[in-house]
Structures are given as structure tokens and as C-alpha cells.
Amino acid sequence: MTGDERKTKKELIEELDALRALVDDVRAEAGCFVADDLPLFIFEMDLEGNFRFANRHALENFGYTGADIRAGLTLTDIIHPDSIHRVRHNLARLLSGKDFEHEEYMAVRKDGNALPIKVYSQPIRRGGEIAGVRGVVIDVSEIRQVEDALRKSESHYRTLFETTGTAMVLLGKDAVIKNCNSQFCVMSGCAREEVEGRKTWMDFVPPAERERMGRYQELRDKKIGNPPSDYEFDFLTYGGEHRRIHLFVRNVPGTDDRVCSLIDVTERDEALRALRKSEERYQLMARGANDGLWDWYLDSDECFYSPRYREILGYSEEEFPNHVASWLKSVHPDDRERALAANKECIDGKVEQFQVEFRQIHKDGSVRWILGRGASSRDENGNVYRISGSHTDITQRKLNERTTHALYAISTAVNTTRDLRELYQTIHAIIGEVIEAENFFIAMLDEEQDMLRFVYFQDEMDDYFDIPNISDPGQSSLTIHVFRTAAPLYLSQADPDVEARMAAIGVIGTPPAAWLGVPLRQGDRMVGAMAVQDYANPKQYSDEAVTFLTAVSEQVAMAIERKAIEEALTRLNEELEDKVEQRTAEIEARQAELEEANRRLMTLDEIKSSMVSSVSHELRTPLTSIRGFAKLCAKDFSRHFLPLAQGETLSAKGARIQGNLGIIDTEGERLTRLINDFLDINRIESGKACWNDDTLNPAEIIRDAVASASGGFKASRGVELVTVLPETDRRIQADPDKIKQLLINLLNNAYKFTRQGRVTVAMREQDGLLTVSVGDTGAGIPEDELSYIFEKFHKSRLGDTVRNEEQGTGLGLAICKEIVEHYGGIIRVESTLGQGSVFTFTLPTVPANGNACPEP
């Protein structure tokens, strides 16, 4: 072969190596390029707990860098000592075969700060073996904060449920009482544990009322008709006492549950009956009743109002004269028609009694919710001439009910609105159902820009502009004051010192007649402010309005926070989709390059195989001649020249020449084996090896191989060759020469590395697999060599420790691996340094095809 030809071979091999490196680089880059930019904590870790990869987001959040990974970042560096034992336990379970694991632990940043994390992980498998762990880490700090906030909110709702001032129950399916408050326990005479989940609504309804109550319940369950949402009925206590109860019932949206409020009106009804019996007793009850009492004579329009009645509305007797016009003037315009209609039904004789809820205007301009009840009196002709009744101030109860409803509506609005803008509008509408909110705004903190942003406002007078530099003490406004003090602020022009207060705080824009603002907070963190205002009525808001707006403010802040996170995630998903599309295009381009590189690799492999085959055949021809002439020379020298050597010096030189000729023959033989092995591995890899498969008795082929290799063992008295071959009726489909070559290679390998002891060949059959093992008591294999012992040209660094004259080619085990894998089997090795090795391979006993020799 010429020098130019040798240069071409070298260049081809270098190009082959370069292309293979390019393939590995492309695959590695395609795997981690996207992961590095993901806003998740992504990692890979080996079996010893050393991190082999962590994306940039993970490193930045834990305070580490790529240099820390390369320097040796381990599991114990980021896991809190309180969690490390559980992490190692779960890691062991994962590596034992469990395919997926997700757990919560405490982690530690590089600066020592702890944080809760949730880890989703799975094993990394290579070649059927677990090589490490990969997974995703999620910081659940904010989730825990949200859960704490939800627990606080639930506690707030429970407090409202307990402190409404009325008996309340929550009814589930089949009218089972799921929850009740302490007022209901007092009313019913039952302990809470005796009621909740144990009694139904009908347990407190007397027999005479059950048909009517059951009909209402059936209509609500089937959602048909129009069953009344508030009415009176007789209530049966645990002690058998009958109480007259006014019931208010509402369905809980989205569920089959119902919330019921119960007001004991027994005493009120008794008072009304007493009033009808006697004017004197009527006057006595009028003076002593807590409810406001009234008595209307229809022919004169004269109406008596009790002192308590006027007290509820803040009037004196002179300011609220005994005439029906006083009542009509105080009724809220929006409720006047409904209140009159309820009275008229009783006046016209359509009903004997009535009740109606409506609003009345207090003397100070605030609004009071009133529960009005009345009953008619008839003359001897049966005509209604008089109606009497009571007014109950239910402002606080209505506020509690409406607050509860508003809290629920705001919490559900997060899921029913499309975006933050629609959520702001919905919050505005919900608040406007309870208090006057024509002029309303929400301002949120922008920490990065140090400003309050008016994310939503509706105002009949002014436009709103973001307030910058809010950390500057020189900046002032009503909104900034609420934000800084973290306390509600109510200002009214009806207060004599309001001008001085407004001047001290600072007002931006048109001065309001009434202004009410509350802080928005997430736990202890201030996130913004919310306010309503009125430019005309200085008495538009009351203490109840302050209580309501304060009660819903935390739910508003939480809803905004959740919706903002939702929108951020939506934007992030859109950005990720764009990035994925971009990365996909890049990967497709690199894939095209990879396919082209693979095509070139295949071409180079074909050139290599042809070249190796040609070169090997060319080498064997002169090598055969060299060995032949060496043997001929040795024979002639021994026959004709060695006897002529006279003297000690010539005899010694003759013996050395004879030995050198023997070395030429031995090394020639070794080179022949190398060329044969090289040709075998090349034929197998290129797919041109002949596989003359036949149905074989595995025990017979093993015995033949042992017999062929037994010569070397007989020459060495210190090594015993043992076979353990049970009889079997199972067969394998394989090439007998290939299986024999496989076994002889393993036996020769065991012989070379065993000084004394034994080499054992054993066979067993189980579950359709034939398992053959060749074990020795030799020097063993270093642990760091086990992973690549079957690679081509690999030789143990221990060398052939016993018989250096029989050093191998480094191809025997590689050929064994190719033969075993050709037949769908697996070959492996177990070794302990200084104690020996066991090579084991499996072959299926399922019949295969016959002759498998490919076309040349």
C-alpha cells in the first residue's frame, strides 16, 4: 500500500471521529437548550447524589452557578438537614424500580435561607440499567402563603357564620344539617355534635307543618315552581316546645346546599295578639318592645309610632309626626312601591298578615334595612279598618348576609372572568350591590417603579393618573394615606373638622362630599387600596359601609393576585409556545444536518469495512509465507547447521537463533489470530458475517467447546476445569461455530487470568431463556473497567498476569458481545478484584430462522 493510500485512511478515520463527536454535541445541545430557558427548576443527578445538570433558572434561584456544578454540587448542599433522610429514602425507592416520585421537602439556598419545594423525579435508564435521576423542582412558598390566606378567609367566614346575630344552618342533600351556629343550638336546645350530620331539617318541623315544608323542599330540589325564600312556620325544639320562626332560605350557587337564617318571632306574634286584645296592653307593649311598633287607622290615615320606632330612624316625635305620610317620606324611593304593595294586600283583605323587607332613610341620611310585619283588624262588617305591626332593624343582618354573598361572589369571579379588566368590573358591580359605588377605583402597588397604579376607576368628575415616588414622604393623597397607614379612611363633609383633615392629608382632584377608602393587603403585605366616593351626599356612607368594604378588601386583594398570576401564566405559556416553535425550527435544521452527517458516517463505515477486509486479506498472504519460511528455516537450521556448531559459544548462538525463529512463528501465529478476530468483528458489524443457524442441543455444543479448550488446562496443573451441565430437552437455534467460538473465547480468557484454582462452566434454563456462565478464581477485573470491558481493543491494565506469552488481541470479548446480541441475548460480567470473575450470557430458546448468511 502506498504512502498516499495510508494518508487517505488516516484522514477518513479522523473525519469519522469528528462526525461522531458532532452527533453527540447536537444531541446534547438539543436536550438542554430548551431546558435552560424554562422558568422551572430542572436537574439531573447521578446515583451518588452529584448534580450533573441544573438549568439556569434552578441555579439562579438557589444561588449557585455552573461552576458550582462542575466543582461538585451534591444533594446535601441544597436539601435541608431535616429532610435529607427522607430524600435519601425516597431516592432509594426510586432507584429500586419505582418509575415516578413526587414529594415535598425543605430546601436550603446557598445563602442559608430555607424554602419549601415539591420534587417530581424519575430514574434515568441507559441500556436497561438505572444511571441516575432527573426531575423538576417547584418552589411552593407562594402556594403555602395562599393556603394560609385561604385558611384565614375560611376562619373569617366561620366568624361571620357564628356572629350574624341569627340562628343559621347549612342544609345538604336530603335536607341533612351539615353545619349550624351556636344561635341555632340555643334555639333548638341541641348540642352542635347532636345536630351536624345527624339530624335533618324535618326533625325540627312539627307534623302539622311537614306537608307544606316538604313541598317547598321538593320544589327547590327539582328547581321547579317558585317556592318562597322567606316565610314563617312553627319550629319544634328538642324539648317539644313550639316556636314561631321566620325563615330565610337561599341556595348556595353551584351546589345542592342551602343556607337558612332563622329569626324567632314567637314573642313578636304574641305581642301582636296582645295588642289586638287590649289597647292598654297594646300601649304597654309599644313602650317596652325592642322592635318599632306601628298602628294605622285607614279612615283617618293616622298612624301611631312607638318611641322605639322613631329611635331606629333617629327622629323625635315632633320630627316624625303620627301620620302615614311620615312613613312614606322615609321609605327609600327604590323600595316604596314594593312596601306599599305588601301593605295594600292586607288592606284589601287578600291576606291577614304580611311581611316585607325594605329600606328607610335615617335622619342622618344613612340607610336602614327594615323587616316590616303587619296584621289586619276587621269591623263588624268584615271590612279592614286598621292594620298594626312592627318594624325590625335588620341592617346588621342584611350587611352580614350581603357581605357573605359579596365575599363568595368575589372569590368565584376569579374563575368566571376572562381577564383582570373584567375582574375589576365584576368587583365594582358586586360592591355596588351593597353600597353606593358609582365613583369607584382600585389602585395597585408597582414596587419596581415605586408607584401606585390606578388599574381600574370609574368617576363622574375626574380622570385618574398613576402616583409615582410613593416612598417619598413629600408625596401625599388620600389613597397614599390609606396605603401608608394600612387602615380604612372615611371622610365626610358633614363632619365639622373634615376640611382640616383633608388639608393635612392632601386631596388630588375634585374634593368629594364623602370618601371611603380601605387598604388591600396580602397577609401582612400592602398591595394597594380601594375606594368609593360621592360628590353630592356627605352622608352617603356609614359605619356599616366601612365594615363591609373592610371585610371584602382582603378577598379583593386575593382575587386580583390570583387573576394576575393566571394572566402571567397565560402570557408565559404563549411565550413558551413561541419559543418552542422557534426551537423546533432550529432543531429541525440541526436534525437535517445530523441526517446528512449520519449519511456520511454510513458511507465512511462502508469504506472502512471494505478497506479493513482488503487490508486484512492482503496481510494474511505475506504472513502465511513468513510463518512458513520461518518454520522451514528452523527445521533446516536444526538439521544441517546446529550439529556443526563446535564449542560453547557457537552452541549458545545456535540455540539463540533457533529460539528467535520460534518467536517469529509464535508472533506470526498471534498476528494471524488478531487478523482473524479483526475480520470476524468487521464482518459482524458490517452485516456480512455468515450465520449458519441450526437447532442445537446447548449441552452438546458446550461440551465440544470445553473439549477444544481443555488442552491448555491440562498443561497447567494448578487450574481445574469444571462443568455443570444438567440435562435439558430445550434447544436453541444458532450457528454452532459461532456459539463454540463464543465459549472458547470466554474459556481462553478465564484460563489466561487464573494462576490456580478452577474455571467453572455452568448452564441453567428458566422462563424460556438459556443462561450460560464461565467463572474463574483468577485476578479479577478492576471496577472502573467493568463498564467498557466488552469494547473493541480493550485490554485490562493488569495484563495477562500469568501467561504473558499468550496475550490477547482485545477483540475476543467484543466478538462475544456481538454474537450474543445477534441472537437477542445479553452478556454481562461480575467481578471482584483478586477473587475472580463470572461472565454470563443468555440466549432465547425460541426457535429462530435457518441459514442467516447474508449475500456477499
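This chain uses plain numbering: 1 for the first residue, then up along the sequence. Not measured: the values here are computed from a predicted model.
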_Taking atom CD as the centre, does Gln756 end up with more than 12 heavy-atom neighbours from other residues, nucleotides or ligands that are less than 6.0 angstrom away?_
no
Would a 4.5 Å heavy-atom cut-off, applied to side chains only, mark [X] and [Y] as touching?
{"X": "Tyr751", "Y": "Asp776", "answer": "no"}
{"X": "Val133", "Y": "Leu91", "answer": "yes"}
{"X": "Leu75", "Y": "Ile84", "answer": "yes"}
{"X": "Asn697", "Y": "Arg731", "answer": "yes"}
{"X": "Leu742", "Y": "Lys738", "answer": "no"}
{"X": "Glu103", "Y": "Val119", "answer": "no"}

Rounded to the nearest 0.5 Å, how far does [atom2] of [Y] lie from [atom1] of [X]?
{"X": "Leu725", "Y": "Glu700", "atom1": "CG", "atom2": "CD", "value": "11.0 Å"}
{"X": "Met45", "Y": "Arg52", "atom1": "CE", "atom2": "CZ", "value": "11.0 Å"}
{"X": "Glu577", "Y": "Leu572", "atom1": "CD", "atom2": "CG", "value": "10.0 Å"}
{"X": "Lys579", "Y": "Leu576", "atom1": "NZ", "atom2": "CG", "value": "6.5 Å"}
{"X": "Asn573", "Y": "Asp578", "atom1": "CG", "atom2": "CG", "value": "11.0 Å"}
{"X": "Ile124", "Y": "Glu44", "atom1": "CD1", "atom2": "CD", "value": "4.0 Å"}

*Hey, what's the ring geometry for Phe51 with Phe43, parallel, tilted or perpendicular (30° and 60° as the breaks)?*
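Because their plane-to-plane angle is over 60°, the rings of Phe51 and Phe43 count as perpendicular.
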_side chain to side chain donor-acceptor pair (under 3.5 Å) against Arg70, all qualifying residues, sequence neighbours excluded_ = none
_Test side chain to side chain contact (heavy atoms under 4.5 Å, CB included) applied to Ala131 - qualifying residues, sequence neighbours left out_ =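 Testing Ala131 for side chain to side chain contact (heavy atoms under 4.5 Å, CB included), a comparison that skips the adjacent residues, returns Arg126.
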*With Glu595 via side chain to side chain contact (heavy atoms under 4.5 Å, CB included) - residues at least two apart*: Gln591, Arg599
Where is the tightest heavy-atom contact between [X] and [Y], given as atom of each residue plus distance?
{"X": "Val87", "Y": "Ile79", "answer": "CG2-CG2, 3.8 Å"}
{"X": "Gly63", "Y": "Lys110", "answer": "O-CD, 3.1 Å"}
{"X": "Cys816", "Y": "Asn745", "answer": "SG-CB, 3.5 Å"}
{"X": "Thr840", "Y": "Ser773", "answer": "OG1-CB, 3.7 Å"}
{"X": "Ile744", "Y": "Ala705", "answer": "CG1-O, 4.0 Å"}

*Residues Asn61, Val137; criterion side-chain contact (heavy atoms from CB on, under 4.5 Å); working and verdict*: CA-CA 11 Å; Asn61 276 274; Val137 177; over 6 Å; no
Using only atom types and a distance under 3.5 Å, with no angle test, would you say the side chain of [X] pairs donor to acceptor with the backbone of [Y]?
{"X": "Lys563", "Y": "Val414", "value": "yes"}
{"X": "Gln522", "Y": "Glu561", "value": "no"}
{"X": "Asp77", "Y": "Thr74", "value": "yes"}
{"X": "Asp693", "Y": "Asp735", "value": "yes"}
{"X": "Thr754", "Y": "Ala750", "value": "yes"}
{"X": "Asp68", "Y": "Leu73", "value": "no"}

Ion pair [X]/[Y], N-O distance below 4.0 Å:
{"X": "Arg109", "Y": "Asp139", "value": "yes"}
{"X": "Arg571", "Y": "Glu574", "value": "no"}
{"X": "Glu727", "Y": "Arg703", "value": "yes"}

*Kindly determine whether Asp737 and Asn692 satisfy side-chain contact (heavy atoms from CB on, under 4.5 Å), including the steps that lead there.*
CA-CA 8 Å; Asp737 293 334; Asn692 299 307; 5.5 Å; no
Extract all donor-acceptor atom pairs below 3.5 Å that involve side chains of residues 826-835 and protein atoms in other chains or at least two apart in sequence.
residue	atom	partner	partner atom	Å
Ser831	OG	Ile781	N	2.8
Ser831	OG	Gly836	O	3.2
Ser831	OG	Ser837	OG	2.8

*Residue of the set Thr842, Ile732, Leu843 for which side-chain contact (heavy atoms from CB on, under 4.5 Å) holds with Tyr823*: Leu843
_Checking side-chain contact (heavy atoms from CB on, under 4.5 Å) between Phe841 and each of Ile819, Thr771, Val820, which is the one that passes?_
Val820
*How would you list, by chain and number, every residue that makes a salt bridge (Lys or Arg N to Asp or Glu O under 4.0 Å) with Arg525, sequence neighbours excluded?*
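Counting only residues at least two positions away or on another chain, Arg525 forms no salt bridge (Lys or Arg N to Asp or Glu O under 4.0 Å).
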*For side-chain contact (heavy atoms from CB on, under 4.5 Å), just list the numbers for Leu59 and Thr65, CA-CA rounded to whole Å, side-chain angles, deciding distance to a tenth of an Å, and then say yes or no.*
CA-CA 6 Å; Leu59 292 172; Thr65 65; 5.7 Å; no
Side-chain donor-acceptor distances from residues 757-770 under 3.5 Å, at least two apart:
residue	atom	partner	partner atom	Å
Glu765	OE2	Gly768	N	3.4

